Amino acid sequence: MSQIFNEKIPSFFGDKRFYSADAWLKNYFGQKTIKLSIDGGFTCPNRDGTKGIGGCTFCSDTGSGEFASSIDEQIELYKKKWPNAKYLAYFQNHTNTYAGVDVLEHKYYDILSNEKIEGLVIGTRPDCLSEDVLNLLERINKTHFLWVELGLQTIHQKTAENINRCYDLECFDNAVSELAKRNIKFVVHLILGLPGETEEMILESVKYVSSIKGLFGIKLHLLNIVKGSTMETTHRDYMPFDSIDSYVNIVVKCLEIIPSSITIHRLTGDAPRPILINPPWSFNKRTILNRINEQLSLRDTWQGKKSE
């Protein structure tokens, strides 16, 4: 690949022009490491009426966990391609710290007791990280591999209100500060293409998140309008980007301003075709990723090039 001719690109990127989570995990565990999406049976304070109802407007009724299935089923599938892979259990559906600490402790340690599982990835909301929950996560982090994923989506309050996020930026800031204080790795999700957001607003969110002390990684999601979400009704015909190329262009700009030390965990979104409404091309995940890599190479640019 052309990046080998540019000595400014960090060697730990491997064969890409960005620091993929896959590369980080392979270096950490010594081999291919795969996240297994599981459903912990949680709900969300934005669904049960505690904070709101209906969830965030982009979220499907499965809580963004369409690909979750049993651990054994997933391992059987993956080991055909990667027979020596290691596995992390990813609590993905809904809000996976939204329960009593005793319940959480039982669920987490039950999964960790599986000898095939190297550690946990826990997806949650910043308003569901009480001190008791943080203390539990801190205990787990001292003896097991762990990172926490937080769905911020945007730093802009008006957009947050429009998508029914039901917490403010200060809540998020407090949560990541507490996680960093406890040396718990955390990954932040951002959605590109939310209604009303300009390119400048998207880049402002990326810059803000990239500056957070202790940040481990970032997920960049392409907004998908999916069946079962509020947006199916309110924004059914909304097109976040008019083409793959326009989406790729903004992703490249985002990568350029993300420091090279931050791991990249996602660069697009891939809702299952049966529930996908818009954009119709978003299920072509491999094509989108190939285009991103192609443009990074053609422009001779890389993650962090403009982060200083």
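Values below: every heavy atom of this structure, side chains too, minus hydrogens, waters and symmetry copies. Keep in mind it's a predicted model, so treat the numbers as computed, not measured.
Between the NZ atom in K16 and the CG atom in D22 there is a gap of 6.5 Å [rounded to 0.5 Å]. The distance from atom OG of S37 to atom CG of L88, rounded to the nearest 0.5 Å, is 11.0 Å. Q153 CD to K219 NZ: the interatomic distance, rounded to the nearest 0.5 Å, is 10.5 Å. Rounding to the nearest 0.5 Å gives a distance of 5.5 Å between CH2 of W302 and NZ of K8. With values rounded to the nearest 0.5 angstrom, Y90 atom OH is found 12.5 Å from L36 atom CG. Interatomic distance, I38 CD1 to E73 CD, rounded to the nearest 0.5 Å: 13.0 Å.
For K86 and F29, the positive end is not near the middle of the six-membered ring at less than 6.0 Å and at most 45° from its axis. The cationic group of K32 does not satisfy the cation-pi geometry with Y78, failing either the under 6.0 Å distance to the six-membered ring centre or the 45° limit from the ring axis.
Between I111 and A89, the shortest heavy-atom distance links the atoms CG2-CB, 3.3 Å. Shown here for V209 and L215, the closest heavy-atom pair between the two residues is O-CD2, 3.2 Å. Scanning all heavy atoms of the two residues, the minimum distance from N46 to C166 falls at OD1-SG, 3.2 Å. Considering all non-hydrogen atoms of both residues, V133 and C128 come closest at CG1-O, 4.2 Å. Nearest approach of S307 to I257, heavy atoms of both residues: CB-O, 3.6 Å. Here the closest non-hydrogen pair linking S60 and K227 is CB-O, 4.0 Å.
Judged by distance alone, with hydrogens and angles left aside, the side-chain atoms of N96 form no donor-acceptor pair with the main-chain N or O of T124 at under 3.5 Å. A side-chain donor-acceptor contact under 3.5 Å links S113 to the backbone of D110. At least one donor-acceptor pair under 3.5 Å links the side chain of R125 to the backbone N or O of R165. T268 places no side-chain N or O within 3.5 Å of a backbone atom of R266 that could act as its donor or acceptor partner. One N or O on the side chain of Q303 and one on the backbone of I262 form a donor-acceptor pair closer than 3.5 Å. A donor-acceptor distance shorter than 3.5 angstrom exists from the side chain of N278 to the backbone of R236, with no hydrogens or angles considered. Using a distance-only test at 3.5 Å, with no hydrogens or angles considered, no donor-acceptor pair links the side chain of H235 to the main chain of P195. Listed for the E232 side chain is no donor-acceptor partner under 3.5 Å among the backbone atoms of I225.
Counting heavy atoms from C-beta on, the side chains of L150 and V187 never come closer than 4.5 Å. Residues L203 and I250 are in side-chain contact: their nearest non-hydrogen atoms beyond the backbone lie under 4.5 Å apart. N224 places a side-chain heavy atom less than 4.5 Å from the side chain of P279. Under the 4.5 Å side-chain criterion, counting only non-hydrogen atoms from C-beta, R139 is in contact with L136. Residues D168 and Q157 are in side-chain contact: their nearest non-hydrogen atoms beyond the backbone lie under 4.5 Å apart. Using a 4.5 Å heavy-atom threshold, the side chains of T301 and R17 count as separate. You'll find the side chain of Y238 reaches within 4.5 Å of the side chain of L223, heavy atoms only. The shortest distance between side-chain heavy atoms of L255 and I292 falls below 4.5 Å.
Applying the 6.0 Å contact sphere to NE2 of H106 captures no more than 12 heavy atoms from other residues, nucleotides or ligands. Counted within 6.0 Å of CD1 on I53, heavy atoms from surrounding residues, nucleotides or ligands total 12 or fewer; the atom is thus considered open. Atom NZ of K35 has more than 12 neighbouring heavy atoms from other residues, nucleotides or ligands inside a 6.0 Å radius.
Ring centers of Y19 and F12: under 6.0 Å apart, within the cut-off.
Between Y28 and F145, the ring planes are tilted. Angles from 30° to 60° get that label. Ring orientation note: the planes of F241 and Y247 are nearly perpendicular, at an angle over 60° on the 30°/60° scale. Taking the six-membered ring where the residue is Trp, H221 and H189 present parallel rings, their angle staying beneath 30° rather than reaching 60°.
Under the 4.5 Å side-chain contact rule for hydrophobic residues, V252 and L222 share a cluster. A continuous path of ILVMFWY side-chain contacts below 4.5 Å connects Y167 to V176, so both sit in one hydrophobic cluster. I191 and F283 are members of different hydrophobic clusters when ILVMFWY side chains are connected at heavy-atom separations under 4.5 Å. In the hydrophobic clustering of this structure, V101 groups with V148; members are Ile, Leu, Val, Met, Phe, Trp, Tyr whose side-chain heavy atoms approach within less than 4.5 Å, directly or through other members. In the hydrophobic clustering of ILVMFWY residues, with side-chain heavy atoms under 4.5 Å counting as a link, I75 and I34 come out together.
Comment: E256 does not engage R299 in a salt bridge, judged by the lack of any side-chain N to carboxylate O separation of less than 4.0 angstrom.
Residues T154 and E197 have side chains that bring a donor and an acceptor to within less than 3.5 angstrom of each other. If you check the side chains of S243 and D245, you find no donor sitting under 3.5 Å from an acceptor. Side-chain contact annotation: Y208 with D173, donor-acceptor N/O pair under 3.5 Å present. No side-chain donor-acceptor contact under 3.5 Å links Y87 and N114. Donor-acceptor pairing under 3.5 Å is recorded for the side chains of R182 and N135.
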CA sep, side-chain torsions, deciding dist, call: D300, K305, salt bridge (charged side-chain N to carboxylate O under 4.0 Å, His left out)
CA-CA 10 Å; D300 191 25; K305 183 177 183 180; 5.3 Å; no
Would F172 and I212 count as a side-chain contact (heavy atoms from CB on, under 4.5 Å) here? Give the steps.
CA-CA 11 Å; F172 168 80; I212 296 171; 3.5 Å; yes
What verdict does the side-chain contact (heavy atoms from CB on, under 4.5 Å) test give for Y109 and I140, after you've listed the backbone C-alpha separation in whole Å, the side-chain angles of each residue and the deciding distance to 0.1 Å?
CA-CA 9 Å; Y109 280 105; I140 293 172; 3.4 Å; yes
So L129 and L137, side-chain contact (heavy atoms from CB on, under 4.5 Å) or not? Walk me through it.
CA-CA 9 Å; L129 290 172; L137 296 176; 3.9 Å; yes
Can you check side-chain contact (heavy atoms from CB on, under 4.5 Å) on T95 and F42, steps first, answer last?
CA-CA 6 Å; T95 304; F42 296 97; 5.6 Å; no
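Screening W24, W147, F186 against H265 for a ring-ring contact (aromatic ring centres under 6.0 Å, His included) leaves a single residue, W147.
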